[in-house]
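Scroll down for the structure; my scribbles are underneath it.
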Amino acid sequence: MPDATWTPPTWAPPCPVCGTPAAPAPAPCPTCGLPAVSQAATVVARLAATIDEFARERDALVATLREAARTAPARPLAPAHVPVVARVARPPAAPVAEHPPWGPPLGPPVAGPPPLAPPPLAPPPVAPPPGPPPAPRRRLSPQQVLLGLGALLVVAAAIAFVAVAWTRLGVTFQAAVMATVTAAACATSALAARRGLRATEEALAAAGAALLAVDLGAAHGLGLFGADRVPLQLWTGLSCVAVVAASLALGRATRSTVTWPLVALLAAQPAGWLLLPADLADGAAGVAVLVATVLGDVLVVRWLRPALVPVALTLAVLVAVPAVLLGLLLTWVGTPLDSWLTTAVLTAAGAAAVALLRQPRLAAHTDTRPPAALAAGIAAAALAGSLSGLGVPGGVAAAALGLVLLSACTPERVAGPVLGAGLAAGAVLAGTGAAVVADADRYDVLAALVLAAAVPAVLAAVLRAPVRPAATAAAFAAVGLAVLTAREGGLVDAPATGLLLAIVGATAFGVALLRAGTPEEFTAAAPGAVAGAVAGLVTAEVGAWGQMAVDLVVVGAAAGCYALVTGRRPVAALAVADLVLAGWIAAAGADIRTPEVYTLPAAVGLALFAIPALRSGAASWAAEGPALAVALLPSALVVVAEPTALRLAGVVTAAAALTVAGALTHRQAPFVLGAGALVVVVLGRLAPYAPLVPRWVTLATAGLVLLVVGATYERRRQQAREAVAWVAQMH
């Protein structure tokens with residue numbers, strides 16, 4: 001009896017994969033299982049023979065070209081082949097004896113002038129590397145279309161069979177037919193997988209999964225084996241579990257099929273929630289099951305194929321939405337038991353999500369920081385909802401816990417998903433806790449919480465350079481809002497509130513001065529200006545004008561020092577305006593009507609504002625002119641209208657001093673203003689006495705003046721021109 005074991009002949013071409021002699025077509029390789037190994041080995045052998053033939057022809061051609069080059073006479077290159085630079089820069093060289101290409105002739109070299117090296121040529125521009133080719137658009141092939149339509153028709157036929165012919169057949173025959181068709185589809189898919197027919201494999205697997213779902217649904221709908229006595233929700237959940245189990249088993253048998261893990265993933269989503277009793281599905285247990293489903297979707301990413309990872313993450317998001325909505329609703333309006341149980345579930349889920357998102361497999365597919373922050377924020381909102389049931393103490397606890405989390409995130413070693421989770425949880429807890437306290441109208445407690453919010457802001461400004469500007473502004477904003485909240489709660493009155501805000505503004509300008517030239521300089525100076533303005537408004541509401549003047553002086557002095565050191569002219573103008581306004585408000589509040597009390601502070605402010613111009617040697621009218629005009633001219637006019645001995649002496653002395661100083665320093669503004677003030681005062685003081693002078697004295701004086709001017713006309717004209725030119729030359 002001949003041996004049934006086939007022995008491959010020795011002349012068969014080797015397998016391209018493992019080297020075993022190929023079996024006759026269409027059998028696969030007996031060692032590695034390569035389909036149609038004979039055809040593949042034949043093609044590889046033909047390619048190798050063709051390559052060898054090309055190599056032999058190439059070697060023969062190269063040998064022929066070398067022999068022709070050795071025997072042919074050498075010819076000089078045509079001028080057109082010589083580079084342009086070489087033809088221009090290189091002088092004509094002496095003729096050189098030709099020699100064979102294998103080396104120069106033996107003997108001493110012939111002396112001659114050394115050839116000049118051509119100038120170096122600029123390297124050609126390097127073209128940028130071409131970008132990656134665009135990904136080809138995936139299109140359905142005719143085979144895929146045919147397979148998809150065939151699977152769809154098979155499923156439709158199964159549905160029609162169940163709907164129409166089901167009642168005409170016995171129970172045993174019904175179950176046998178549906179089970180046989182479903183098993184045939186799954187088995188054929190596995191056979192196609194072993195043959196390497198990928199499209200057929202996936203189409204039959206999809207048809208088998210659909211037929212399995214139809215079988216389970218029909219069994220319950222038509223009461224097969226008493227299945228209709230099982231509640232629909234429970235049967236649906238059990239059906240999902242059965243589909244998951246069958247898909248996992250079939251997927252393990254044929255590891256190349258993508259449909260089976262996809263079907264298992266889809267069927268597992270509603271399975272847990274459907275298996276719960278109806279009275280537990282909308283409580284903490286339902287939230288726990290949904291959250292477990294989400295975590296399962298994220299966890300299986302480690303074992304899924306790369307093509308199914310986006311599907312799993314998308315399903316996790318879709319299931320997470322109802323889980324979050326139901327969970328947050330229970331934590332805020334549910335019973336205390338449901339609220340705290342749900343909070344525990346969501347908190348554990350958030351911690352697990354942060355831990356899972358740190359896995360390299362997930363980090364390669366998406367940015368893990370936003371999902372981690374979202375999960376932590378949801379858990380924090382749930383905890384705040386449960387704490388809100390305790391009233392104000394719960395709100396205080398939530399806000400305090402949030403501030404502790406924010407403070408814990410300030411060191412630089414905290415980074416990645418942990419940083420995002422901590423910031424999100426801290427912000428949500430602090431915000432919701434403060435909202436609960438504010439809803440109870442406990443502004444005294446709220447003021448303390450807002451003031452405590454400055455602690456993590458200060459820590460962040462000290463420990464984290466990238467967020468230092470924003471943290472600096474947040475710290476000053478927290479202190480200012482705490483003061484205003486205390487005012488709203490009646491802890492401090494309006495004057496004290498204004499003074500505290502003024503101190504905050506002055507401190508902000510001090511920090512801006514210390515951090516001059518850094519990004520946080522402006523984020524510190526801006527809250528200072530806002531705090532000063534709010535301080536003035538708060539005190540103005542109650543008519544505390546004296547306190548308002550003090551507040552403006554405090555902020556204005558700090559702003560002036562900052563502007564004087566850093567050279568910020570807009571801040572200098574603001575500081576001058578604050579100081580002048582403070583002086584006016586103080587004088588008006590004291591019912592002082594003396595003009596100098598209002599003009600002299602303004603003049604001092606303008607003089608301070610003009611200090612940079614004086615240092616740079618600017619023209620007198622642009623530097624000290626406005627300050628001198630405000631200080632002198634109103635008083636000179638008041639002297640004319642309401643003369644007093646003290647004011648008259650002061651104005652005359654100041655005007656004379658300015659005139660002399662302008663003449664000595666060659667500054668036009670002091671000289672003109674001083675002389676003009678003297679003229680105004682003299683004319684104003686003499687005008688009342690003009691009617692008392694006898695007419696003949698006036699006529700005689702006018703005549704004498706005219707005679708003197710006429711007699712010395714030329715000389716006086718020259719002197720007037722010189723005086724005008726001297727004044728005009730002042731700066």
Side-chain angles (χ1 to χ4, degrees), residues 472-473 475-477 479-481 483-484 487 492-516 520-592 594-615 623-624 626-631 634:
T472 302
F476 285 111
V479 176
L481 289 176
V483 173
L484 293 177
R487 168 76 178 90
V492 292
D493 55 2
T497 301
L499 181 59
L500 291 175
L501 289 175
I503 294 174
V504 172
T507 306
F509 278 114
V511 173
L513 177 60
L514 294 176
R515 301 300 298 172
E520 58 266 23
E521 173 191 354
F522 299 100
T523 58
V530 174
V534 175
L537 294 176
V538 170
T539 51
E541 288 181 355
V542 295
W545 304 112
Q547 184 63 46
M548 182 179 178
V550 173
D551 298 341
L552 293 178
V553 167
V554 171
V555 179
C561 294
Y562 163 71
L564 188 62
V565 174
T566 59
R568 311 292 183 190
R569 290 186 64 83
V571 182
L574 177 63
V576 169
D578 280 347
L579 295 174
V580 173
L581 185 60
W584 288 356
I585 291 174
D591 198 17
I592 298 176
T594 304
E596 286 77 10
V597 176
Y598 298 93
T599 57
L600 291 181
V604 172
L606 291 174
L608 292 175
F609 190 70
I611 289 177
L614 289 173
R615 288 178 176 178
E624 70 269 22
L628 297 177
V630 172

Side chain to side chain contact (heavy atoms under 4.5 Å, CB included) filter on A524, not counting sequence neighbours, yields T472, F476, V511, A512

Heavy atoms of A473 and P527 approach each other most closely as CA-CG, 4.3 Å

When rounded to the nearest 0.5 Å, the distance separating CG of L501 from CG of L484 is 5.0 Å

> Is any side-chain heavy atom of L499 less than 4.5 Å from a side-chain heavy atom of I503?
Replying inline: yes

Smallest heavy-atom separation, G498 atom then T539 atom, equals CA-CG2, 3.9 Å

Taken in chain and number order and not counting sequence neighbours, the residues that satisfy side chain to side chain contact (heavy atoms under 4.5 Å, CB included) with V492 are A486, R487, A496, T497

Taken in chain and number order and not counting sequence neighbours, the residues that satisfy side chain to side chain donor-acceptor pair (under 3.5 Å) with R515 are E520

Note: F509 and V555 closest approach over all heavy atoms is CE1-CG1, 4.0 Å

